[in-house]
Amino acid sequence: MKVTLKDGSVKEYASAMSVIDIAADISEGLARMACAGEVNGEVVDLRTVVDTDCTLSILTANDKAGLSTLRHTTSHVLAEAVKRVFPDAKLAIGPSIDTGFYYDFEHAPFSREDLDKLEAEMKKIIKEGNKLDRFTLSREDAIKFMEEKGEPYKVELIQDLPADAEISFYSQGDGFTDLCAGPHLMSTKNIKAFKLISSSGAYWRGDSNRPMLQRIYGTAFNKKEELEEYLKYLETIKERDHNKLGREMEIFTTVDVIGQGLPLLMPNGVKMIQRLQRWIEDEETSRGYMRTKTPLMAKSDLYKISGHWDHYKDGMFVLGDEEKDKEVFALRPMTCPFQYYVYKASQKSYRDLPCRYGETSTLFRNEDSGEMHGLTRVRQFTISEGHLIVRPDQMVKEFKDCIALAQYCLQTLGLEEDVTYHLSKWDPENKTKYIGTPEVWEETEQHIRDMLNELNIPFTEDVGEAAFYGPKVDINAKNVYGKEDTMITIQWDALLAEQFDMYYIDENGEKKRPYIIHRTSMGCYERTLAWLIEKYAGLFPTWLCPEQVRVLPISDKYIDYANSVLAELKKNGIDATVDERSEKIGYKIREARLDRIPYMLVVGEKEQEAGVVSVRSRYAGDEGQKPLDTFVNDICKEIRTKEIRKIEVTEESK
RNA sequence: GCUUCCGUAGCGCAGUCGGUAGCGCAACUGAUUCGUAAUCAGUAGGUCGAGGGUUCAAGUCCCUUCGGGAGCUCCA
């Protein structure tokens, strides 16, 4: 057989060979480094025997799949360590993940001391350097095997494997054997650098009705240095965590007596949100949106028509008692039905459509207590919401325009590279969660699929993520910890117009159902703010900075001049202050840097006499003396164009 | 909602075996009037998240509750 290698060279073998043997034939070193193989593009175990012509790559920990193999084997080492240190623990599952691996156990919660003990035991196991061997069993034997070992979770896993699945096991020495599809390293001794990160509860099979197991998270790398670097990185991202930095910068705060998920936006945060809001509202207006302002609450009757009462009552703040009170109200969790009644207030002709309604809309959602987080998951928030009532023939164009608006917003804020696009579909297995027929769902999902393809937007399709009334495009971003949130959503709704009896009169004088697009342009302001804090680590584009310029007189003698400079800045709409304290200039600069002010204007004798300012920016350090009007022109232009100036000078700010 | 960790001055932290609370920065006052990352001196600030219990005595031990973190589950 002929084996074509990554570099294009061809090896010929007389008989079948395993991947690891081929690796050893290429070089000893490669065999030592090998984590997995890739045969004809498919990742395989090193033990896989190749017997026909193929292309083969030997994957090492420098390859993504190789690294995840290394991590997966590390999770098995962890499992063996747990069984050694805590023999009563029951094994569940232990996959590799983007950041490392985890393994779930039925056991009492693990403390940090337990993790340290386990790490020590893992080091021992690695030092022992047992070989991993793969073998398969029939379903009956596999179940018997795990029953004898007293592993009920493994038995359940085997029982649920598809009928045609090969049931494989990996053993490492005599002590430990685990049900596993692989692939795995050849020996535990090839694990060079690992660390147990944390432990926490996790439901068996991700089902909150089933027992809670204990999950241990860890990570592993090819080299010690890479591990160190990763651990250091984990430390540094805390510094840009919006929940920490946002409080530090007095953008928001929370108060225990006010309640969970109810952040207070402070003057700095409000300034930023106000700028975002004015920008978005003006942008929408220029794109043909009309603005509405509708009530924050309504009678339950409204939500009964929309279907929210049936589908999302638990998520709403209900005012009153359904049993006792004649009327029950609820704070609105969305604006849809309110804007529908704006539409319905007058009879519409086909000529009136599309109707694009926008509202800066405050919403209330009663999240479960464990879900609240900083500014990203809150109980009250304000969203750049809107609904477009359109004729079916206008739907595709309008939907595309909504995507274009979202992309424009992301580009302006410099966030477009950080997002992923998702086609969120219904779950045909769970019809009770949705309204409408399968035909309507399939058709609308196909429309969105076509559109995204046409626009050349890469996207994933997520089952069961749709709204109850229709599929949607979700634009998601990850926070500093890698957790994903929906930032923007655009939803295709061919169903609610029926519920609300919305219609327009077509060219033949007949009543027709419109389609509806539910959409946001820049999503929820609080969440966007959180995203910006983390993206820019608090060093926002100048137009968004709560304080854009600080004027620093070098002594009290120049306070008057500093204030005349300030007046000129304010006249031009620039957010600025003067630092009037009797401190040394170096100290004032340090403070301004710590406050993340983009521009500092130093003024003293020379500046006053020449009528100029000495500009110091976080972008380029000392920018030298400039006439004040030149500086004002420059910064006004930067603000007007919402320029994202690259930071070239990186000085330590600690 | 579930598992777990945490809550001491504005912020970051210390507080031993239960014996009545301290440090740094910030703040304030005074001096200094300064040229690019911390001028000097002084002052003030806490019923230790809240409530209850054990004890002669609780920041410390126990219970409840509120809030915060991590993860799970959920997220119109």
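Throughout, protein chains are lettered first and strands after them, A, B, ... in sequence-line order, and every chain is numbered starting at 1.
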Output one line per pair: protein atom, nucleotide atom from nucleotides 44-46 of chain B, and distance, for all N/O pairs under 3.5 Å.
none

Give each protein N/O atom lying under 3.5 Å from an N/O atom of nucleotides 23-28 of chain B, with the pair distance.
| from | atom 1 | to | atom 2 | distance (Å) |
| --- | --- | --- | --- | --- |
| B/A26 | OP1 | A/Y587 | OH | 3.2 |
| B/A27 | OP1 | A/R581 | NH1 | 3.4 |

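Judged by distance alone, the side chain of A/E534 and the main-chain N or O of A/V480 form a donor-acceptor pair under 3.5 Å. When atom types are taken as modelled, the side chain of A/R618 and the backbone of A/R596 share a donor-acceptor pair closer than 3.5 angstrom.
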- Message: Base contacts versus sugar-phosphate-only contacts with protein, heavy atoms under 4.0 Å: please encode nucleotides 59-70 of chain B as B, S and - from 5' to 3'.
- Response: -------SSSSS
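Separating the NZ atom of A/K584 from the C1' atom of B/A31 is a distance of 13 Å, rounded to the nearest angstrom. Atom CD in A/E623 sits about 18 Å away from atom P in B/U36, given to the nearest Å. Between the CD atom of A/E583 and the P atom of B/U33 there is a distance of 14 Å, given to the nearest Å.
Phosphate contact (OP1/OP2 of B/U36, side-chain N/O of A/K606, threshold under 4.0 Å): absent.
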- Report the C-alpha distance between A/S424 and A/H422 in whole Å, list the side-chain angles of each, state the deciding distance to 0.1 Å, and finish with yes or no for side-chain hydrogen bond (donor to acceptor under 3.5 Å, both in side chains). CA-CA 6 Å; A/S424 297; A/H422 304 259; over 6 Å; no
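Looking at residues two or more places apart in sequence or on another chain, you find a salt bridge (charged side-chain N to carboxylate O under 4.0 Å, His left out) between A/E235 and A/K238.
To the nearest whole angstrom, the two P atoms, one in B/G59 and one in B/G42, are 31 Å apart. Going from the P atom of B/C40 to that of B/A57 covers 48 Å, rounded to whole Å. Spacing of C1' atoms, B/C11 relative to B/C74, comes out at 34 Å, to the nearest Å.
Seen from the ring of A/F338, A/R332 counts as a face-on cation partner, given the 6.0 Å and 45° thresholds.
A/H311 pairs with exactly one of A/F468, A/Y434, A/Y303 by the ring-ring contact (aromatic ring centres under 6.0 Å, His included) rule, that one being A/F468.
Using modelled atom types, one finds a donor on one side chain and an acceptor on the other under 3.5 Å when comparing A/N476 with A/E484. Between A/E359 and A/T292, the side chains place a donor N or O and an acceptor N or O closer than 3.5 Å (distance only, hydrogens not considered).
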Identify each donor-acceptor pair in which a side-chain atom of residues 94-103 of chain A lies under 3.5 Å from a protein atom, sequence neighbours left out, and give them as a table.
| from | atom 1 | to | atom 2 | distance (Å) |
| --- | --- | --- | --- | --- |
| A/Y103 | OH | A/K154 | NZ | 3.1 |
| A/Y103 | OH | A/D178 | OD2 | 2.5 |

- Message: Can you give me the dot-bracket string for RNA chain B, 5' to 3', counting Watson-Crick and G-U wobble pairs with both distances under 3.5 Å, using [ ] for crossing pairs and | for partners on another strand?
- Response: (((((((..((((.....[..)))).(((((.......))))).....(((((..]....))))))))))))....
